[in-house]
Amino acid sequence: MTRLREEDIYDVGANLSYYDRQLIHKVGTNLAGIAAHALGKTPGDFVAIHDTALIGVIPVTCGQGIIGGFSTTVQKIIEFLGFTAFVTATNDVSGLAEAVKKGARIIFLADDNDFVAINLVNGQVSDNGEATGRGYAAALDLMSGGVQGKNVLVIGAGPVGAGAAAFMTAQGARVLVHDIDTEKVEKMRQVLPGIEVAKELHAALTECKLVVEATPAAATIDKKYIDQDILISAPGIPLGIDQESCVLVSERLIHDVLEIGVATMLFTVLSE
Ligand code: 2YC
């Protein structure tokens, strides 16, 4: 995933209700419903723990340092889902100690390479990449009315693509995976033997109308493929389609910079 900038996330917290209504309109359920579906559950499965699962978000200063608004945005997404969350007043190790002293059951923290949620009680750990892939695949499954028996294309064989391919395989889709580095797809096949290597993106985009765009590149999907049938699930930045295509496919495009990934991470570490 590409590193977020303050300007990418500054308005996420304030727009969560609007975004939730957009998801209901496009996918048929809200953010909690998508994250729960990524685990084969419903939001009702998590209501009982709203009051007991205190979540601490810890700013991390190493590497390129703190991203303005990142921790508070993660906190707001978690609160939007009905849980209690706080951002620690101190950073790094001190922030971790503070979160534990304040009784956090779950912590969220991110350096330049990893963004994880950790359940301090049951030891569950969720990586943002895998959770984002699974959450976006779950959203596409819902938006498409079910991917079972359908062709799905995952573009990008990194952690996000792997999370998406695993979910789609489990849902019974025919999963094609394309990456400019074919080696990465071959490696993924060792873990997910059911996937097919899509060597040629043009052919794959002609054959598959359900697409998870999980690359750190922009404009991966050329506008000539944006027809009435294509459904696109595209996490993170930059968005894998250009502005013009965005307008054409807007009703059938799922895209955000943190929301679905954070929601899926939370529900993942709350599940046994
Ligand atoms: O504010 C902080 O605590 C920073 N250390 C956070 C750095 C996050 C870096 N990662 C990213 O921007 C992207 C996210 C979408 C998740 C994974 N990579």
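In listed order, ligands and their atoms are each counted from 1. What's counted below: heavy atoms across the whole structure, side chains too, no hydrogens, waters or symmetry copies.
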Sub-4.0 Å heavy-atom contact, Pro59 with ligand 1: yes
Other residues, nucleotides, ligands: >12 heavy atoms within 6.0 Å of Ile180 CD1: no
Glu200, CD atom: more than 12 neighbouring heavy atoms under 6.0 Å: yes
Contact partition for Ile67 relative to ligand 1, non-hydrogen atoms under 4.0 Å: both
Worked check of salt bridge (charged side-chain N to carboxylate O under 4.0 Å, His left out) between Glu259 and Lys76: CA-CA 10 Å; Glu259 297 92 322; Lys76 286 177 183 163; over 6 Å; no
Contact atoms of ligand 1, heavy-atom distance to Arg3 under 4.0 Å: 7 (C), 9 (C), 11 (C), 12 (O)
Proximity to ligand 1 by part of Thr2, non-hydrogen separation under 4.0 Å: backbone
Nitrogen or oxygen atoms of Val60 and ligand 1 under 3.5 Å apart: yes
Where ligand 1 meets Asp111 - atom numbers and elements under 4.0 angstrom, heavy-atom basis: 7 (C), 8 (C), 9 (C)
Ligand-residue contact atoms, ligand 1 with Leu4, heavy atoms, under 4.0 Å: 11 (C), 12 (O), 14 (C), 15 (C)
Within-shell test, Gly65 vs ligand 1, heavy atom, strictly < 4.0 Å: yes
Short side-chain donor-acceptor distance under 3.5 Å, His255 and Tyr136: no
Val175 side chain reached by Glu196 side chain, heavy atoms, under 4.5 Å: no
Within 6.0 Å of CD in Glu183, more than 12 heavy atoms from elsewhere: no
Ion pair Asp8/Arg5, N-O distance below 4.0 Å: yes
Ala110 N/O under 3.5 Å from ligand 1 N/O: yes
Of the listed options Val87, Ile58, Asn128, closest to atom 17 (C) of ligand 1 (non-hydrogen atoms): Asn128
